[in-house]
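Heads up: the structure comes next, in structure tokens.
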Amino acid sequence: MRKLRVGIIGAGQIAQVAHIPGYLSRPNEVEIVALSDLIKEKADSVASKYSIPHVFADYREMLRQCELDVVSVCTPNKFHAEATIAALQAGAHVLCEKPPALTEEDAKMMADTAKERNKILTFNFHYRFSAEVEALKRIIDAGELGEIYAARVLALRRRGIPGWGVFTNKEIQGGGPLIDIGIHMLDTALYLMGDPEPELLMGVTHTRIGNRPGVGLMGSWDPEKFTVEDAAMGMIRFKNSASLVLETSFALNMKEKSVMNVFLYGDRGGAELFPLSLHLEKGGYLMDTELPFLPDVNKYERSIHHFIDCCLYGRTPLVTPEQGLLVQRIINGLYDSAQSGMAVRF
């Protein structure tokens, strides 16, 4: 069997932490043949470190010159759609970092292109590959929680404004913690709830800390260039009458350094995701159940491996383009609501 030929667009942190190691851990089936980045010196350095033979400053040139089966899109958010569509049109399957894009229209165009070209498109919502999510999904599918009618989603940092990259640039990233870290827990909750269709969205954003000097736990940021929200709160009402409350921040005056969690409430039981525990009523008693022996897994690696398996064996990805589009629409709806001060119908 010929190895999958991989090209990577974007040589930043997520490419080096997740995508490149994930592909390199399957050497018998996969080879990384090309890497592109607008900053050629960065691409050269990363390519040298990981022995990637071909390096480009322009990903279009990479797509033209290299016969690629698979492309990972690891660029800043603004460029996801353009790079993904180009790679799909060049005949490659694509794993794109989250969020899918900046707009609903771009996310839909990405999904439509994948369908037209008969190529796999998926997004790196890697929390779906955690042992906790995998276990809770099985428990929910077995009916242990009953009908899930409410959820609470937390993606909070006390002072976690990234001191590197373009995370504080709204034009390039589309927003702050909501679209960066909140999207992970939102996607996780939607997945566990069975992807209910939203009906009404209400969002509020705040910029109270990032636009002035302060103590940072993830490096220093420039308050003069801080154009995103540092906190976003929201609520979603779904057409099946379920609800979801979301809280997310880069900077918030809270006790903990950071919190990433999902709480689900069903008519037969509830659950807290991290660490995984169930809250049930059995035999006339209220009881809490923990799962203390879940394996410690590498979510990034499992996500990459799943994508490889989908490409090799024609499997349906765990994260579909339609699910990516749903999350994109919700994120944009919450931002639209925050800007208008009004609830937004989905």
Side-chain angles (χ1 to χ4, degrees), residues 98-100 123-137 139-140 145 147-158 160 173-206 228-252 254-267 269-279 299 318-319 323-338 343-344 346:
K98 55 75 196 169
F123 303 100
N124 194 26
F125 288 114
H126 59 270
Y127 275 89
R128 291 198 189 194
F129 295 90
S130 68
E132 292 86 354
V133 171
E134 187 175 79
L136 184 53
K137 185 69 166 65
I139 290 166
I140 290 170
L145 302 191
E147 180 182 355
I148 299 173
Y149 59 86
R152 184 180 177 216
V153 169
L154 303 179
L156 300 167
R157 295 176 185 166
R158 181 169 180 171
Q173 288 298 96
L178 176 57
I179 202 169
D180 184 50
I181 56 175
I183 197 171
H184 272 303
M185 293 296 97
L186 174 61
D187 172 76
T188 300
L190 294 171
Y191 171 63
L192 292 171
M193 295 172 77
D195 295 313
E197 186 176 356
E199 181 178 48
L200 201 65
L201 309 173
M202 183 69 190
V204 180
T205 58
H206 305 280
V228 301
E229 80 279 4
D230 51 38
M233 313 299 172
M235 181 175 178
I236 306 167
R237 188 175 76 197
F238 298 97
K239 289 185 177 180
N240 65 356
S241 80
S243 64
L244 183 150
V245 174
L246 176 147
E247 302 172 39
T248 181
S249 70
F250 277 163
L252 194 69
M254 63 186 204
K255 180 180 179 180
E256 301 87 354
K257 179 180 178 181
S258 66
V259 177
M260 296 285 279
N261 217 335
V262 171
F263 301 84
L264 300 176
Y265 309 103
D267 54 16
E272 177 179 350
L273 190 54
F274 300 115
L276 181 54
S277 62
L278 309 178
H279 316 299
K299 300 185 292 292
L318 187 62
V319 183
Q323 290 171 332
L325 177 58
L326 174 64
V327 177
Q328 185 76 58
R329 291 182 66 191
I330 292 173
I331 292 291
N332 289 126
L334 291 170
Y335 278 131
D336 289 345
S337 172
V344 171
F346 194 72

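Each residue takes its place number in the sequence, starting with 1.
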Interatomic spacing from [atom1] in [X] to [atom2] in [Y] - rounded to 0.5 Å:
{"X": "Arg128", "Y": "Lys137", "atom1": "CZ", "atom2": "NZ", "result": "9.0 Å"}
{"X": "Glu132", "Y": "Asn261", "atom1": "CD", "atom2": "CG", "result": "9.5 Å"}
{"X": "Met260", "Y": "Ser130", "atom1": "CE", "atom2": "OG", "result": "11.0 Å"}
{"X": "Leu246", "Y": "Met235", "atom1": "CG", "atom2": "CE", "result": "12.0 Å"}
{"X": "Phe238", "Y": "Leu200", "atom1": "CZ", "atom2": "CG", "result": "11.5 Å"}
{"X": "Leu318", "Y": "Phe125", "atom1": "CG", "atom2": "CZ", "result": "11.5 Å"}

Under a 4.5 Å cut-off applied to non-hydrogen side-chain atoms, are [X] and [Y] in contact?
{"X": "Leu192", "Y": "Ile148", "value": "no"}
{"X": "Arg157", "Y": "Glu256", "value": "no"}
{"X": "Tyr127", "Y": "Lys98", "value": "no"}
{"X": "Val228", "Y": "Thr205", "value": "no"}
{"X": "Val204", "Y": "His206", "value": "yes"}
{"X": "Leu244", "Y": "Leu186", "value": "yes"}
{"X": "Ile236", "Y": "Val245", "value": "no"}

(message) Ring of Phe263, cation from Arg152 - is the NZ or CZ under 6.0 Å from the centre and inside 45° of the axis?
(response) yes
(message) Do Gln173 and Asp180 pair up side chain to side chain, a donor and an acceptor below 3.5 Å, judged on atom types alone?
(response) no
(request) Indicate whether the side chain of Glu229 and that of Tyr335 have a donor and an acceptor atom separated by less than 3.5 Å. (result) yes
(message) Can you list everything that forms a salt bridge (charged side-chain N to carboxylate O under 4.0 Å, His left out) with Glu147? Sequence neighbours excluded, please.
(response) none
Please name the pair of heavy atoms, one in [X] and one in [Y], separated by the smallest distance, quoted to 0.1 Å.
{"X": "Tyr191", "Y": "Val133", "result": "CE2-CG1, 3.8 Å"}
{"X": "Met193", "Y": "Ala242", "result": "CE-CB, 4.2 Å"}
{"X": "Leu334", "Y": "Gly234", "result": "CD2-CA, 4.3 Å"}
{"X": "Leu326", "Y": "Pro196", "result": "CD2-O, 4.3 Å"}

Do [X] side-chain atoms and [Y] backbone N/O form a donor-acceptor pair below 3.5 Å?
{"X": "Thr248", "Y": "Ala155", "value": "yes"}
{"X": "Ser337", "Y": "Gly333", "value": "no"}
{"X": "Arg158", "Y": "Lys255", "value": "yes"}

(request) Determine, stepwise, if the pair Phe274 / Met185 fulfils side-chain contact (heavy atoms from CB on, under 4.5 Å). (result) CA-CA 11 Å; Phe274 300 115; Met185 293 296 97; 4.2 Å; yes
(message) For residues 233-243, which residue pairs pass the salt bridge (charged side-chain N to carboxylate O under 4.0 Å, His left out) check, not counting sequence neighbours?
(response) Glu197-Lys239, Glu199-Arg237
(request) Sort out for me which residue in Leu178, Leu154, Leu156, Val259 forms a side-chain contact (heavy atoms from CB on, under 4.5 Å) with Ser249. (result) Leu156
(message) So, using side chain to side chain contact (heavy atoms under 4.5 Å, CB included) as the criterion, who are the partners of Arg329 when residues are at least two apart?
(response) Glu104, Leu325, Phe346
